[in-house]
Number of protein chains: 2
Amino acid sequence: MLHEEVVGRVRAMLLDGEIPPGARIPERDLCEKLQISRTPLREALKVLAAEGLVQLLPNRGSRAARLTDKDMRDLFEVCQGLEALAGELACERITDAEIAEVAAVHAAMVQHYGDRDLLQYYRCNRTIHEAIITAAGNPVLSGLYESVTARIRRARYVTPMTPRRWALAVQEHEAILNALQRRDGVGLSHILRAHLRHKREEVLQAGFAETEPQDQARAS
Amino acid sequence: MLHEEVVGRVRAMLLDGEIPPGARIPERDLCEKLQISRTPLREALKVLAAEGLVQLLPNRGSRAARLTDKDMRDLFEVCQGLEALAGELACERITDAEIAEVAAVHAAMVQHYGDRDLLQYYRCNRTIHEAIITAAGNPVLSGLYESVTARIRRARYVTPMTPRRWALAVQEHEAILNALQRRDGVGLSHILRAHLRHKREEVLQAGFAETEPQDQARAS
DNA sequence: ATAACCATTTTTGCATTCAAATTGGATCCT
DNA sequence: AGGATCCAATTTGAATGCAAAAATGGTTAT
């Protein structure tokens with residue numbers, strides 16, 4: 001197994017919740033599960049720690065990072081900034097073919113909205129956001145976006161949607177597509193920021209913090 | 001030596017140019033220079049590779065990453081986005097004391113400008129930009145900013161300044177301080193973006209790409 | 001009964017070791 | 001002579017082994 005593959009596998013386990021937030025990560029167990037020795041696993045853990053997915057406690061091993069409300073807010077804020085930037089750049093660089101593709105996915109998404117198929121809706125939604133990032137043509141931006149969204153993905157795509165909120169989101173997406181078609185970078189960036197801000201409020205309101213109370217109580 | 005210290009030391013060697021861009025990194029040599037064994041060094045190299053500072057060639061070792069013009073443009077673009085976001089957030093959250101501190105550093109910077117002391121000028125400049133990032137109160141943002149700016153630092157703070165350009169930069173910094181004092185987030189973000197865009201043009205014009213032609217010629 | 005202390009066990013961190021891949025060079029063939 | 005091929009030497013990638021630190025459990029003393 002290649003180094004990047006080990007990192008990917010463990011990252012997936014963390015993001016899927018197979019290793020739940022806050023859980024200790026016993027090296028030996030993971031090693032035999034992945035059929036590798038401790039050395040490459042430890043290398044992967046250090047990389048994931050640098051990404052913020054794993055917390056290293058010197059001489060006391062590693063644990064899956066836990067997101068507080070503050071972390072979530074911070075991540076969403078940065079995500080807003082990155083998407084806003086991507087929106088502006090995308091409007092300068094996106095091709096007509098790419099716009100057409102986004103439009104197609106958007107239409108499919110609206111269809112799924114009509115069917116109240118949340119899973120498929122979210123898939124299209126994510127595809128659109130990623131298409132905008134890609135269209136920005138900036139690999140550095142793509143990399144940071146990927147890393148930031150990975151950490152909030154569970155919250156972002158698991159939070160239940162109220163009918164009211166869902167309708168608004170679809171409406172915002174209409175505006176997103178429209179701005180993209182008009183290549184209105186400034187407009188697009190504003191819409192994207194509002195869109196993300198709403199999403200953030202929704203998520204935070206749902207109380208998706210990954211903090212466990214007993215950890216706070218250690219001092220008692 | 002702690003893991004983070006190893007990462008820091010090697011990172012510093014890369015950023016200072018002690019290990020020049022494109023240079024191969026022989027593990028054994030670095031090991032004895034740092035007085036550690038290969039295991040912790042390799043862990044550090046993987047982390048730095050994830051940061052984009054090192055390029056890993058499977059079974060063929062690692063080399064210091066080299067920035068192309070495109071990389072530089074991409075990094076500056078993202079940096080613009082991050083600073084713009086920081087500017088907006090900072091205006092919402094910065095304290096009067098912090099503003100006063102920025103104002104003081106700004107005054108010192110203007111003084112250094114008067115003395116044509118480029119080194120000290122750059123020090124103050126960097127302090128101001130970092131203060132704005134810090135004032136945004138978003139550790140995720142700070143982390144990404146740190147990582148992005150580290151990679152362009154040499155270009156950013158080494159490019160020679162024309163008198164014309166230097167005067168403009170100082171003028172822009174006046175506007176930055178002014179917007180901060182007025183807590184005009186939108187205004188500040190615009191000024192910061194323009195400021196960075198000018199810096200980027202300056203750097204790219206100076207041709208600071210770290211590509212070496214003979215590498216392109218390998219296919220011949 | 002509770003708290004503190006000590007021995008045991010487990011786990012981490014790093015050095016060493018071993019196998020596999022790559023590189024450089026010498027040899028051989030055309 | 002030029003080029004391909006094979007072999008030695010170096011270097012990488014991963015597993016194992018060893019020392020140190022921390023968690024655990026049991027015992028004792030208050």
Side-chain angles (χ1 to χ4, degrees), chain A residues 1-11 13-14 18-66 212 214-220, chain B residues 1-11 13-14 18-66 212 214-220:
Chain A
M1 204 187 319
L2 215 55
H3 165 70
E4 264 310 322
E5 199 184 336
V6 178
V7 176
R9 289 276 290 274
V10 180
R11 178 164 33 214
M13 295 174 82
L14 291 163
E18 187 175 338
I19 302 173
R24 295 212 47 216
I25 303 175
E27 295 178 359
R28 234 176 52 65
D29 298 5
L30 246 189
C31 282
E32 62 183 47
K33 188 175 293 192
L34 296 178
Q35 290 295 317
I36 56 177
S37 84
R38 284 179 54 220
T39 309
L41 175 65
R42 285 171 58 79
E43 287 171 356
L45 287 175
K46 307 266 186 201
V47 170
L48 293 167
E51 281 180 32
L53 287 172
V54 164
Q55 186 181 4
L56 294 180
L57 309 141
N59 289 319
R60 292 168 70 199
S62 44
R63 51 181 20 175
R66 228 196 308 249
E212 288 185 15
Q214 65 262 36
D215 262 41
Q216 306 289 346
R218 274 190 311 185
S220 70
Chain B
M1 202 186 317
L2 215 54
H3 165 71
E4 263 311 322
E5 199 183 336
V6 177
V7 176
R9 289 275 290 274
V10 179
R11 183 169 22 220
M13 294 174 83
L14 291 163
E18 186 174 339
I19 302 173
R24 296 214 46 218
I25 303 174
E27 296 178 358
R28 236 174 58 56
D29 298 6
L30 247 188
C31 283
E32 63 182 46
K33 187 174 291 187
L34 297 177
Q35 290 295 317
I36 56 177
S37 85
R38 284 178 55 219
T39 309
L41 175 65
R42 286 171 57 80
E43 287 172 355
L45 287 176
K46 308 266 186 199
V47 169
L48 294 168
E51 282 180 32
L53 287 172
V54 164
Q55 185 181 5
L56 294 181
L57 308 143
N59 289 318
R60 291 167 69 197
S62 45
R63 51 181 20 177
R66 229 197 306 251
E212 288 185 13
Q214 64 263 34
D215 262 40
Q216 306 290 347
R218 273 190 312 183
S220 70

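Chain A is the first sequence line, chain B the second, and so forth, proteins listed ahead of strands; every chain is numbered from 1.
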How close or far is atom [atom2] of [N] from atom [atom1] of [X], stated in whole angstroms?
X	N	atom1	atom2	result
L2(A)	dA21(C)	CG	P	13 Å
L56(B)	dT11(D)	CG	P	18 Å
L34(B)	dA15(C)	CG	P	11 Å
H3(A)	dA15(D)	NE2	P	14 Å
L57(B)	dT22(C)	CG	P	12 Å
D29(A)	dT12(C)	CG	C1'	14 Å
E27(B)	dG13(D)	CD	C1'	8 Å
L45(B)	dT11(D)	CG	P	15 Å

Discussion item. Counting distance alone, no hydrogens or angles: does the base of dG13(C) have a donor or acceptor under 3.5 Å from a partner atom on the side chain of R38(A)?
Written reply: yes
Discussion item. Nearest heavy atom decides the nucleotide; on that basis, is R24(A) or P58(B) closer to the 5' end of DNA chain D?
Written reply: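 On the 5' side of the pair lies P58(B).
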Worksheet entry | Pairwise 5' ranking along DNA chain D for R28(B) and K46(B), keeping only the more 5' one | R28(B)
Euclidean distance, [Y] [atom2] relative to [X] [atom1], rounded to 0.5 Å:
X	Y	atom1	atom2	value
K46(B)	E43(A)	NZ	CD	4.5 Å
M1(B)	R9(B)	CE	CZ	4.5 Å
I25(B)	M13(B)	CD1	CE	9.0 Å
I36(B)	L41(B)	CD1	CG	5.0 Å

Fill in: Heavy-atom closest contact (A44(B) atom, V6(B) atom, distance)
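Here A44(B) and V6(B) meet closest at CB-CG1, 3.7 Å.
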OP1 or OP2 of [N] sitting under 4.0 Å from any side-chain N/O of [X]?
X	N	answer
R60(A)	dT12(C)	no
R42(A)	dG13(C)	yes
S37(B)	dA15(C)	yes

Worksheet entry | Nearest-neighbour nucleotide for the N59(B) side chain, dA21(C), dA15(D), dT11(D) considered |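 Nearest to the side chain of N59(B) among the choices is dA21(C).
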